[in-house]
Amino acid sequence: QVQLQESGPGLVKPSQTLSLTCTVSGGSITTSYYYWGWIRQPPGKGLEWMGSIGYDGRNYYSPSLKSRTSISRDTSKNQYSLQLSSATPEDTAVYYCVGGNRHNYWGQGTQVTVSS
């Protein structure tokens, strides 16, 4: 079965870039019509879709985060990553990598805190 695993620093300083990587096992990120992205949940708030990268490498971003967000992939490692620039404390959240043809697969989530 497909498994997703987030990795990256749990603490980021304000104004720095928040970077996370998702490692996909049990399936290929190039599988036709599959999409791989990121969803976050700030404390006390709902889930927020951030963006994704498709099987063909096309990017899709939330309009509210597009200017600060970059999602890329390394097909040789079956990994994709998130970079969120100019981080602020409001970016503190649990970050999930998600994927499949309809968000079938979720990672367990990783807490990222933006604080000095």
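The residues of the chain are indexed from 1 along the displayed sequence.
Annotation for P14 and S116: closest pair CD-N, 3.6 Å, computed over non-hydrogen atoms. When all heavy atoms of S76 and D74 are compared, the closest pair comes out as OG-OD1, 2.6 Å. Minimum interatomic distance between A93 and P43 (heavy atoms only, all atoms of both residues): CA-CD, 4.4 Å.
The line from CH2 of W106 to SG of C97 is 10.0 Å long, rounded to the nearest 0.5 Å. The OH atom of Y35 sits 11.0 Å away from atom NE2 of H103, with the distance rounded to the nearest 0.5 Å. Between the CG atom of N78 and the SG atom of C22 there is a distance of 9.0 Å, given to the nearest 0.5 Å. L47 CG to Q41 CD: the interatomic distance, rounded to the nearest 0.5 Å, is 4.5 Å.
Residues S19 and T17 have side chains that never bring a donor and an acceptor to within less than 3.5 angstrom of each other. Remark: the S81 side chain and the T21 side chain contain no N/O donor-acceptor pair separated by less than 3.5 Å. A donor-acceptor contact closer than 3.5 angstrom is absent between the side chains of T113 and S115.
Cluster note: L65 groups with V2, L4, V12, L18, L20, V24, I29, Y34, W36, W38, M50, I53, Y61, I71, Y80, L82, L84, Y95, Y105, V112, V114 through ILVMFWY side-chain heavy atoms spaced under 4.5 Å, whether in direct contact or through intervening members.
Taken together through direct or relayed side-chain contacts under 4.5 Å among Ile, Leu, Val, Met, Phe, Trp and Tyr, Y60 and I39 form part of one hydrophobic cluster.
Applying the salt bridge (Lys or Arg N to Asp or Glu O under 4.0 Å) test to residues at least two apart or on different chains, the pairs with a partner in residues 22-45 are R40-E48, R40-D91.
Every residue two or more places apart in sequence or in another chain was checked for a side chain to side chain contact (heavy atoms under 4.5 Å, CB included) with S67, and none qualifies.
By the 4.5 Å heavy-atom criterion applied to side chains, R68 and Q83 are not counted as neighbours.
Side chain of R73 to main chain of Q79: no donor-acceptor pair is present (N/O by atom type, distance under 3.5 Å, no hydrogens or angles).
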